[in-house]
Protein chains: 2
Amino acid sequence: VMDEDATRLRLRILFGSNAMLGPGKAELLEHIRDTGSITAAGAAMGMSYKRAWSLVETLNATFREPVVVTARGGVKGGGAQLTETGLAVLAHYRRIEDLLREVGADDLAALRALLAE
Amino acid sequence: VMDEDATRLRLRILFGSNAMLGPGKAELLEHIRDTGSITAAGAAMGMSYKRAWSLVETLNATFREPVVVTARGGVKGGGAQLTETGLAVLAHYRRIEDLLREVGADDLAALRALLAE
DNA sequence: TAGGGTTATGTTCCTGAAAACATAACGGAG
DNA sequence: CTCCGTTATGTTTTCAGGAACATAACCCTA
């Protein structure tokens, strides 16, 4: 296999007591944005529709305006897409992730040098 | 109650496939450093000794040199303390956390403005 | 040599989150 | 007016991580 240096940083944003946004929901939002479907987005992540929908529901309840809007029925059965708020939330998450990778590079490298194996 | 704006960033460092270091183990290391005891450190976090010890074991297995060294018996029954490696690992984690807080402040504020309630 | 506080380790029980399974509603197209 | 793919929601089952419980080993001191 490839080198696959799986030593990396993971970011999670906590909102209040229970709501949060981490790598999973972020990736799900991206898939919804790209596919226009909660079903397809979930499938792309090996996740059941119910779970994907549940995550979307949680996100929608977290923000003042919904992050994903959905439609039932119609030509293609329906669909889903990100709102402006959803796009903004996703962008902010990815931005913080990028900044984290940058500023954390040195310390992360130092930690790598201490690893076993 | 106080304002308690619980909107914050959480950092986790992934090493390889299963080993990781997050807020829990970091705090535990700090308590061990400060108390010289796994038992006391665990208690300070409302955690059983077994669990605390298990986390330490995992950490020790993650790095080339142990992060915590222990002693059994003796005047005070024994104890535990951080090694140079342990102190370094902790310092790096806290440093990345601090940097993250700094560089993420703006985007985090923007996200706060989108929250419900 | 007994006591005390700690490390070390095993076993069983609980619980909350995810998976699995099931069903209904929707609405454009043909 | 039926079909299709999707959203929406409920119920049951599974499972892994933690909690709870139990016990042994260690070693300095008094």
Residues from residues 51-62 of chain A lying under 4.0 Å of DNA chain C - heavy atoms: A/Arg51
Pairwise distance OG1(B/Thr62) to CG(A/Leu111) - rounded to 0.5 angstrom: 11.0 Å
Nearest-angstrom distance from the residue atom CE of B/Met45 to C1' of D/dA19: 16 Å
Euclidean distance, B/Asn60 CG relative to B/Leu55 CG, rounded to 0.5 Å: 11.0 Å
Interatomic distance, B/Lys76 NZ vs C/dG3 C1' [rounded to whole Å]: 16 Å
Rounded interatomic separation in angstrom, taking CG from A/Asn18 and C1' from C/dA17: 15 Å
Sugar-phosphate, base or nothing in reach of A/Thr39, heavy atoms under 4.0 Å: base
Taking distance alone, no hydrogens or angles, what donor-acceptor pairs closer than 3.5 Å link side-chain atoms of residues 37-49 of chain B to residues at least two apart or in another chain?
from	atom 1	to	atom 2	distance (Å)
B/Ser37	OG	B/Thr39	N	3.2
B/Ser37	OG	B/Ala40	N	2.9
B/Ser48	OG	B/Arg51	N	3.1

Approximate separation, where rounding is to 0.5 Å, of B/Arg12 CZ and B/Glu97 CD: 11.0 Å
Range-with-range stems of DNA chain D (Watson-Crick or G-U pairs under 3.5 Å, three or more in a row): C:1-30 with D:1-30
If you restrict it to nitrogen or oxygen atoms, what contacts under 3.5 Å exist between nucleotides 24-26 of chain D and the protein, and what is each distance?
from	atom 1	to	atom 2	distance (Å)
D/dC26	O2	B/Gly73	N	2.9

Length of the OH-P vector between A/Tyr49 and C/dA24, whole Å: 16 Å
Transitive ILVMFWY cluster of B/Val103, excluding itself - 4.5 Å side-chain cut-off: A/Leu99, A/Val103, B/Leu99
Summary of ring pair (Phe, Tyr, Trp, His ring centres under 6.0 Å) pairs that have at least one residue in residues 73-113 of chain B, sequence neighbours excluded: none
Distance-only donor-acceptor pairs under 3.5 Å for side chains of residues 13-29 of chain B, two or more places apart:
from	atom 1	to	atom 2	distance (Å)
B/Lys25	NZ	B/Met20	O	2.8
B/Glu27	OE2	B/His31	NE2	3.3

For B/Asp98, salt bridge (Lys or Arg N to Asp or Glu O under 4.0 Å) partners two or more places apart: B/Arg101
Show which side-chain atoms of residues 65-85 of chain A pair as donor or acceptor with protein atoms under 3.5 Å away, not counting sequence neighbours.
from	atom 1	to	atom 2	distance (Å)
A/Thr83	OG1	A/Pro66	O	2.7
A/Thr83	OG1	A/Val67	O	3.3
A/Thr83	OG1	A/Thr85	N	3.3
A/Thr83	OG1	A/Gly86	N	3.0

N/O (side chain, B/Thr70) to phosphate O (OP1/OP2, C/dA8) under 4.0 Å: yes
Between D/dA8 (P) and A/Lys50 (NZ): distance, integer Å: 12 Å
Results of salt bridge (Lys or Arg N to Asp or Glu O under 4.0 Å) for B/Arg95 - residues two or more places apart only: A/Asp107
Charged N-O contact under 4.0 Å between B/Arg64 and A/Glu117: no
